[in-house]
Amino acid sequence: MLAKENRLRLKNDFKRVFEKGKFCGDKFLAIKVFPNSSDVSRFGFIVSKKVSKKAVVRNKVKRRLRESVRLRLKDGLIKGGFDAIILTRPEIADKKFVEIDEVVDKLLRKAGVLK
RNA sequence: UUAACUAAGCAAGACGAUCGCCCCGAUUACUUGGGGAGGAAAGUCCGAACACCGCUUAGUGGAGACACAAAAUUUAUGUCUCCACUAUAAAAUGGGCAGUCGCUAACGGCGACCGUUUCAGGUAGGGAUAGAAAAUUUUCUGUCCUUUACUCGGGAUAGGGAAAGUGCCGCAGAGACAAUACUAUUCUAAUUAUUUAGAAGAAAGGUGAAAAGUUGGAUGGUGUUUAAAUAAAAUUAUUUUAUCUAAACUACAUCCUUUCUUUGCCGGUGACGGCAAAAGAUGGUAAACCCUGCCCGGUGCAAGACCAAACUGGAUUAUUUAUAGUUCAGGAAAAGUAGGUCGCAUGAGACCAAUAGCAAUGUUGGUCCUAGAUAGAUGAUUGUCACUCUAAAUUUAUUUGGAGCACAAAAUUCGGCUUAUCGCUUGGAUUAAACA
RNA sequence: CGGGGCGUAGCGUAACGGCUAACGCACUUGGUUUGGGACCAAGGGACUCCGGGUUCGAAUCCCGGCGCCCCGA
């Protein structure tokens, strides 16, 4: 789990990123990024019911995505001042952590969030 | 012993390492201690708690107005209005439920029982077959079947009323519920005859899930059909008629048994059961309409209460307040949205023991406090061991490699129901196989 | 936390409780044409989403699941 200051929480924040953010996509993930006015970067994750009907599976996908982002935040690889939303496609359900981690890295690089 | 069936219980396999998350506490802070998913948390199919809204009547308390009495401040009484609390409780052209007794806060739930039905077993009876004995018809034994009776055990049960009324019962069939006459039968009339017309409704055929209605059996007995024998008539074989015998079906009568309705007695809290008597007979369907009895006000924690003042609004004539009297200008006050706090974890609580009860469950005592997130915490990676499957190697029970290790995650809280579920443990009764 | 609808041949839709279920497109075969399309004729294809129950009889009625779609706070 990310620390509270790194989470995207409010409905308005999600709305702003969705409407004005820059979009990048890969095979089973996508990202929307928009700069915010603070120093820290915040992340939100969306895993819809189309990924899986089971809450257990959806929660697991979210946790793996968060863990992947958390490790990069911890190592100081991510620039400050961005809001990002990571979107998922159904194929992610049976992927392993290593595969997800690779794609996350690729996406963040593409979106210009990594240092 | 194993497998199948059934009823319960346990259940992110155990112990770590590194990096993290949520809540509570300690600390100025750095840090640090403790706690952190389920039997179904799921589906949302029922029922409640709780909150707000709404309704009838009564009582109590408070506030206000009016009337009256006293000279008055004011006080007392009465009436009306509003508010709060307590008790009771809307409307039914609507919805739901349905054996009995009990349990429960309540339920469409749970427990026990009754009735019905079903499965398997046992005993008795009956039938078939094989063998043996006496001896030509019985007995005994084995195996198999059973539309029979009794009984032990398990399962299912939306289980009020069809003798209140209405509707429906396709095709077939004469006729589908106070109906009907196709074949066949009987009677009457016409006709030489074949046959035609009308009537009857005791039996049979045929149709169908069901045929006019309580079920089955015994004895007597009527009739029909078939077969054999005898006799008579006609006759080439043969046919017809009569008698008698046998088989099948059968009107009717008597007796026994049995279903339902009614009455009486006995047992039971009761559903109901047992016994006896009398008169009688009424198709099925209520998960068709309906009738009877009972229950039900609505919305749901996004209920609801509060904070603060970010944003919108309040604007023009009109209200109040203040800047200062007037004008102008700007500000504040009623509302809402985003946000935050509470609701939100001491409860129909959990565990243990005793006790009442067949049980559901109740009572008493002791111990304990056990998740509270909100784009939503309880995780990610990895090591060793355990279990299952699989491949290879050899020391034949070890090593190495690979894969797997259920169903599924709180969202106000409980009681049920339903559905999903790898495996392990325990109990029960029966069947099958193997071994002794 | 609540409310509503749907599920039938490959696809889109029908069907009073009464014949293992109808129509169109698609499919197969044949005809027609120099060939194709169109047209004509014939034919195949469904355990009516799943599991129970009521009934003589269920796609239909009732109960419980599964899946899909939509709506409100």
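By convention in this document, chain letters (A, B, ...) are assigned in the order of the sequence lines, proteins followed by strands, and residues within each chain are numbered from 1.
By the salt bridge (charged side-chain N to carboxylate O under 4.0 Å, His left out) test, A:K110 is found to be paired with no residue, residues two or more places apart in sequence or in another chain being considered. With sequence neighbours left out, A:A55 forms a side chain to side chain contact (heavy atoms under 4.5 Å, CB included) with A:R58. Legend: residues meeting side chain to side chain contact (heavy atoms under 4.5 Å, CB included) with A:S41, ordered by chain and number and at least two apart, are A:F43, A:I78, A:F82. A search for salt bridge (charged side-chain N to carboxylate O under 4.0 Å, His left out) contacts involving A:R64 returns nothing, not counting sequence neighbours. The side-chain hydrogen bond (donor to acceptor under 3.5 Å, both in side chains) search around A:N6 returns none, not counting sequence neighbours. Looking at residues two or more places apart in sequence or on another chain, you find a side chain to side chain contact (heavy atoms under 4.5 Å, CB included) between A:R42 and A:L8, A:D13, A:R16, A:N36, A:D83. Considering only residues two or more places apart in sequence or on other chains, A:V57 meets the side chain to side chain contact (heavy atoms under 4.5 Å, CB included) condition with A:S52, A:K54, A:A93.
Against the 90° criterion about 0, the sugar-base torsion of B:G108 places it in the anti range. Taking the syn range as angles within 90° of 0, the glycosidic angle of B:A37 is syn. Under the 90° criterion around 0 for the glycosidic angle, B:U370 counts as syn. An anti orientation is assigned to B:A29, its glycosidic angle lying beyond 90° of 0.
Atom CZ of residue A:R66 and atom CG of residue A:N59 lie 8.0 Å apart, to the nearest 0.5 angstrom.
Taking the P atom of each, B:C266 and B:A124 are spaced 40 Å apart, rounded to whole Å. Of the P atoms belonging to B:G125 and B:A162, the separation is 42 Å, rounded to the nearest Å. Comparing the C1' positions of B:A184 and B:G206 gives an interatomic distance of 11 Å, to the nearest angstrom. Taking atom P in both B:A178 and B:U226, the straight-line distance is 40 Å, to the nearest Å. Only the C1' atoms considered, B:G170 is 4 Å distant from C:G18, to the nearest whole Å. One C1' atom belongs to B:U147, the other to B:A130, and the distance between them is 26 Å to the nearest Å. Atom P of B:C22 sits at a distance of 11 Å from the matching atom of B:A373, rounded to the whole Å. Remark: the separation of the P atoms in B:G175 and B:C252 is 26 Å, to the nearest Å.
Between A:F45 and A:L87, every side-chain heavy-atom pair lies at or beyond the 4.5 Å cut-off.
Base pairing annotation: B:A48 forms a Watson-Crick or G-U wobble pair with B:U413, both donor-acceptor distances under 3.5 Å. C:C68: Watson-Crick or G-U partner is C:G5, with both key distances under 3.5 Å. The partner of B:U396, taking Watson-Crick or G-U wobble pairs whose two distances both stay under 3.5 Å, does not exist in any strand shown. For B:C68, there is no paired nucleotide, since no Watson-Crick or G-U wobble pair has both relevant distances below 3.5 Å. For B:U86, the paired base is B:A58 (Watson-Crick or G-U wobble, both distances below 3.5 Å). Pairing partner, C:G57: none, since no Watson-Crick or wobble contact has both distances short of 3.5 Å. With a 3.5 Å ceiling on both atom-pair distances, B:U421 lacks any Watson-Crick or G-U wobble partner. Checking B:U367 for Watson-Crick or G-U wobble geometry (two distances, each under 3.5 Å) identifies B:A350 as its partner.
The distance between atom CG of A:N6 and atom C1' of B:G20, rounded to the nearest whole Å, is 12 Å. When the P atom of B:C21 is taken as reference, atom CZ of A:F45 falls 14 Å away, rounded to whole Å. One can place CG of A:L65 at 17 Å from C1' of B:A377, the figure rounded to the nearest angstrom. Residue A:E67 contributes atom CD, which lies 16 Å from atom P of B:U18 at whole-angstrom precision. The CZ atom of A:R42 sits 12 Å away from the P atom of B:A375 (whole-angstrom rounding). Protein atom CG of A:D101 is 10 Å distant from nucleotide atom P of B:U381, rounded to whole Å.
Close to B:G20, at under 4.0 Å from its OP1 or OP2, lies no side-chain N or O of A:R63.
In the hydrophobic clustering of this structure, A:F23 groups with A:V17; members are Ile, Leu, Val, Met, Phe, Trp, Tyr whose side-chain heavy atoms approach within less than 4.5 Å, directly or through other members.
Contact between A:C24 and A:A111 at its shortest, heavy atoms only, is SG-CA, 3.9 Å.
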Could you list the protein-to-nucleotides 67-69 of chain C atom pairs, N/O on both sides, closer than 3.5 Å?
unit_1	atom_1	unit_2	atom_2	d
C:C68	OP2	A:K53	NZ	3.3

Would you list the protein and nucleotides 371-374 of chain B atom pairs, both N or O, that sit under 3.5 Å from each other?
unit_1	atom_1	unit_2	atom_2	d
B:U374	OP1	A:R9	NH2	3.0

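Side-chain atoms of A:R66 and base atoms of B:C21 include no donor and acceptor less than 3.5 Å apart.
Summary of the strand contacts: A:R64 and A:F43 both lie near RNA chain B, and taking for each the nucleotide with the nearest heavy atom, the more 5' one is attributed to A:F43. Take the nearest nucleotide of RNA chain B for A:L71 and for A:N59: the residue whose nucleotide is more 5' is A:L71.
Note on A:K60: only backbone sugar-phosphate atoms sit closer than 4.0 angstrom, heavy atoms only; bases stay farther off.
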* Derivation and outcome, salt bridge (charged side-chain N to carboxylate O under 4.0 Å, His left out), residues A:R72 and A:D101 -> CA-CA 10 Å; A:R72 284 174 179 71; A:D101 197 53; 3.1 Å; yes

